[in-house]
Amino acid sequence: DAMVIQNPRYQVTQFGKPVTLSCSQTLNHNVMYWYQQKSSQAPKLLFHYYDKDFNNEADTPDNFQSRRPNTSFCFLDIRSPGLGDAAMYLCATSPQLGGRIHTQYFGPGTRLTVL
Amino acid sequence: RKEVEQDPGPFNVPEGATVAFNCTYSNSASQSFFWYRQDCRKEPKLLMSVYSSGNEDGRFTAQLNRASQYISLLIRDSKLSDSATYLCVVNRGSTLGRLYFGRGTQLTVWP
C-alpha cells in the first residue's frame, strides 16, 4: 500500500505557466519535505514543514512556494517554471519521535518537463 | 567543501563480486547515517541505517568511523538486482531532521 503518494507522476508544462504538484501521506507523519533532483545529482531540499511551521532553505528561489493545508497533504507551487526547473520533485515524510527526527520516506516523485 | 562526498563511480562488477562504497562527511556534529538506494528514475529508498558498532543486513554491511568521519557500504555476492545508485545520507540529528545527501555511487552488476 502506497504510504506517500505524489500526483501527477509526470507533469508537462509550458515555460512560465504555473504548475502545482501534490503529495499526500497515510503515515500521519508531522514532518513533510520537498526535494528537487536533477539528473545525476543529489536530491536538493527546497523546504520542509514541521507540523504547520514552514522552513525555507536559504537558496530556494522565490518561484517555489508551498502549502500544507493539513497533516496529510502538501503542495508545491511553481509560479513561473523555467527550463532549469525541469527535474524530479520528491516529497518525503518523517516522524518525530522522542524529540528527534528519524529517517525519511519518499514518494515516487513527479517528473516535471518544461517546454 | 560539500557536506557529504562520495565516489560517483560507476562501478561495474560481475555477479557474485564483492564491492565497497565509501563516503565522507564534513560536519562532526552529524549523528545519524544512512544508505539509500535509488533505481533509475525512481525515488530513493532506505537501504539501511548505519550504527557506530557496524551493522549487517544479509549481504550488506555498513560501517561508521566517527573519528575519520567515514562511512562505508559493503555488498557481498552481488546480484543483478543490486544495480542502482547508492546514496550516502547524513543527519545532524537536530529536531529539524535535515538530511544531507551525497551525489550517489552508481553500481552496475553484469551477468
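The basis for the numbers below is simple: all heavy atoms, side chains too, and nothing from hydrogens, waters or symmetry mates. Letters A, B, ... mirror the listed sequences (proteins, then strands); counts begin at 1.
For the atom pair CG (A:Leu90) and CD (B:Gln38), the distance works out to 6.5 Å, reported to the nearest 0.5 Å. For the atom pair CD (A:Gln41) and CZ (B:Phe101), the distance works out to 13.5 Å, reported to the nearest 0.5 Å. Distance check, rounded to the nearest 0.5 Å: NE2 of A:His48 to CG of B:Leu99 gives 10.0 Å.
If you chain together hydrophobic residues whose side chains sit under 4.5 Å apart, A:Leu112 and A:Tyr35 never meet in one group. Two different hydrophobic clusters hold B:Phe34 and B:Leu73 under the rule that ILVMFWY side chains link at heavy-atom gaps under 4.5 Å. At a threshold of 4.5 Å between side-chain heavy atoms, the hydrophobic network of Ile, Leu, Val, Met, Phe, Trp and Tyr places A:Phe106 and B:Tyr100 in two separate groups. Both B:Leu87 and A:Leu45 are members of a single hydrophobic cluster when ILVMFWY side chains are connected at heavy-atom separations under 4.5 Å. A single hydrophobic cluster is not seen to contain both A:Tyr10 and A:Leu21; linkage of ILVMFWY side chains at heavy-atom distances under 4.5 Å, directly or through other members, places them apart.
Top candidate by heavy-atom pairs under 4.5 Å with chain B, chosen from A:Arg111, A:Lys44, A:Gln37, A:Glu57, is A:Arg111. Comparing A:Ala92, A:Ser39, A:Gly109, A:Pro43 by heavy-atom pairs within less than 4.5 Å of chain B, the highest count is held by A:Pro43.
No part of A:Gln6 comes within reach of chain B, as not one of its non-hydrogen atoms sits under 4.5 angstrom from that chain. Heavy atoms closer than 4.5 Å to chain A are found in the side chain of B:Tyr36, but not in its backbone.
Within 6.0 Å of the CG atom in A:Asn70, the count of heavy atoms belonging to other residues, nucleotides or ligands exceeds 12.
Residues A:Met88 and B:Arg41 come closest through the heavy atom pair CE-O, 3.5 Å.
The contact list for residues 2-28 of chain B toward chain A, using heavy atoms and a distance under 4.5 Å, is empty. Of residues 43-69 of chain B, those residues with a non-hydrogen atom less than 4.5 Å from any non-hydrogen atom of chain A are, in numerical order, B:Glu43, B:Pro44, B:Leu46.
The disulfide (SG to SG under 2.5 Å) test applied to A:Cys91 returns A:Cys23, not counting sequence neighbours.
Hydrophobic cluster membership for A:Leu115: A:Val12 (Ile, Leu, Val, Met, Phe, Trp, Tyr linked by side-chain heavy atoms under 4.5 Å, directly or transitively).
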